[in-house]
Number of protein chains: 2
Amino acid sequence: MILDGSLEPGARLRETEFSQRLGIARHTFRAAAQILINEGLLRRLPNRGVQLAVLDRDDIVDIFRLREALEIEAVRLGMSAGTEIPEAAAAVERFNDLGEDASWRTVVDIDMAFHRAIIDATGSERINRAYAGVQSEILLCMAQLRPHYDRPEDVAAEHRELLEAIRSGDVDATEKLFRKHLGDAADNLTTALEAREEVTA
Amino acid sequence: MILDGSLEPGARLRETEFSQRLGIARHTFRAAAQILINEGLLRRLPNRGVQLAVLDRDDIVDIFRLREALEIEAVRLGMSAGTEIPEAAAAVERFNDLGEDASWRTVVDIDMAFHRAIIDATGSERINRAYAGVQSEILLCMAQLRPHYDRPEDVAAEHRELLEAIRSGDVDATEKLFRKHLGDAADNLTTALEAREEVTA
DNA sequence: CGTGGTAGATTGTTCCACAATTCGACGATA
DNA sequence: TATCGTCGAATTGTGGAACAATCTACCACG
């Protein structure tokens, strides 16, 4: 429901209401909510329960700060270990196969798979956990914003570049490219956010 | 109790026993445990409750991988913003004031304060949260290992260098210095771990 | 028009209950 | 004797009801 968009940003999730709607006990709902809080999807207001996170401009910037930290480190680790990342290559392939009319959701899925592959390649449980958190938040972003996306082929080209950079072995150049890629994505989302704010305002 | 060392690594925390010992209800204990699980201090075994995390060599390496990712990014952000970090400077001062016989615990506290100051300076809520997780795990490490530490003045000197590097403005050199500093710390802990394993074996 | 108070709603926590699952002991069988 | 399966106790996972603490909204009052 959260990632569906069927819940308004900032909506308060009352315990009795939702536990009944989900057919679970209030305790169980609270336990589940705690997990989602740690993923950043919900926020706990003391004595006022949980509410769906509202992401403002600063949040998006912040999410991408952490994302940059994790992905850059993952890239460095992967490159110094010289590991191949077949899943990332597979993601690029899937990008290439997309037609002009590919659904936005498909593009997002492949994008996520690409970046997750790089994280997975590190074999670091903790970097993985931390990244899982930002990834849910990004999904939440997407659910709330539906930002503008480039044509599939442009997205494909950009990721092909990233993969080639990794294979080239030039760490600094790759790092720079990733920073640019992630920075652009963050800009995309922030402009989408501001566009929505204009509508609601 | 966890960070005291009064609980053995890998110990199972039975719900009835601990909720009674702490004077809280079983549900409350479960909720608290969930939070500690997210901090990496406890592990949940399905249908077998929670147990105190046991950190092996790989875990230490992994913790410091994430720590490196976060601190390096924090340093970069702080340096590009040109922010002063008075708390870090204060930590260095406290190091300088330490006598030869300073307690190990004091050294750890100041060390933590120094590194946390750098993280705090980013103003990034999410980098902060992620770092809080590794920090508790490091504390757990410390509680379980009591590793060998250099003389206080050496530790002081090393941190003074780090701070000076930040002030110098040379990002790459600073990054290299931090990687070395953190790598050494990780080595310290892993050797301490291996030393303990020899004893128990 | 602002202020304070009161009543209702909601959360945080406790206690009790019970199904599901795991673990260990016991005994049967080869 | 060793292996395996079965049974029972212990423990977890979940549900339900209750209650104090806290918050919210509304209303009376100055």
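This is a predicted model, so every value here is computed, not measured.
- Bounding nucleotides for the chain A contact on DNA chain D, 5' to 3', at a heavy-atom distance below 4.0 Å, are D:dT14 to D:dT24.
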Derivation of the side chain to side chain contact (heavy atoms under 4.5 Å, CB included) call for A:Asn128 and A:Arg116: CA-CA 8 Å; A:Asn128 232 295; A:Arg116 168 144 292 288; 2.8 Å; yes
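- Looking at B:Ser136, its side chain does come within 3.5 Å of a backbone N or O of B:Ala132 through a donor-acceptor pair.
- Between A:His27 and B:His27, the ring planes lie parallel to each other; the angle is under 30°, not in the 30° to 60° tilted range.
- Relative to the six-membered ring of A:Phe29, A:Arg26 misses at least one condition, a distance below 6.0 Å or an angle of at most 45° to the axis.
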Are there any protein N/O atoms within less than 3.5 Å of an N/O atom in nucleotides 17-19 of chain C, and if so, which ones and at what distance?
residue, atom, partner, partner atom, Å
C:dA17, N6, B:Arg26, NH2, 3.4

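- Taking the six-membered ring where the residue is Trp, A:Phe114 and A:Phe178 present parallel rings, their angle staying beneath 30° rather than reaching 60°.
- Among pairs with a residue in residues 46-57 of chain A, those fulfilling side chain to side chain donor-acceptor pair (under 3.5 Å) read A:Arg57-A:Glu194, at least two apart in sequence or across chains.
- Of the options B:Ile60, B:Leu140, B:Leu55, a side-chain contact (heavy atoms from CB on, under 4.5 Å) to B:Leu145 is made by B:Ile60 and by none of the others.
- Residues meeting the side chain to side chain contact (heavy atoms under 4.5 Å, CB included) test with A:Glu93, sequence neighbours left out: A:Asn96.
- Checked for salt-bridge contact, A:Asp109 and A:Arg94 miss the test: no charged N lies under 4.0 Å from a carboxylate O.
- In this structure, A:His115 and A:His181 have parallel ring planes: the angle between them is below the 30° cut-off, well short of the 60° mark.
- At whole-Å resolution of the value, CD in B:Gln51 and P in C:dC23 are 12 Å apart.
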Between N or O atoms, less than 3.5 Å apart, protein on one side and nucleotides 8-10 of chain C on the other: list the pairs.
residue, atom, partner, partner atom, Å
C:dT10, OP1, A:Arg14, NE, 3.3

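- Of all heavy-atom pairs between A:Gly40 and A:Ala53, the closest is O-CB, 3.7 Å.
- Residue B:Thr28 places at least one side-chain N or O closer than 4.0 Å to OP1 or OP2 of C:dT14.
- With respect to the salt-bridge test (charged N to carboxylate O, under 4.0 angstrom), the residues B:Glu100 and B:Arg151 qualify.
- Less than 4.0 Å separates DNA chain C from no heavy atom of any residue of residues 29-41 of chain B.
- With salt bridges taken as basic N to acidic carboxylate O contacts below 4.0 Å, one links A:Arg21 and A:Glu17.
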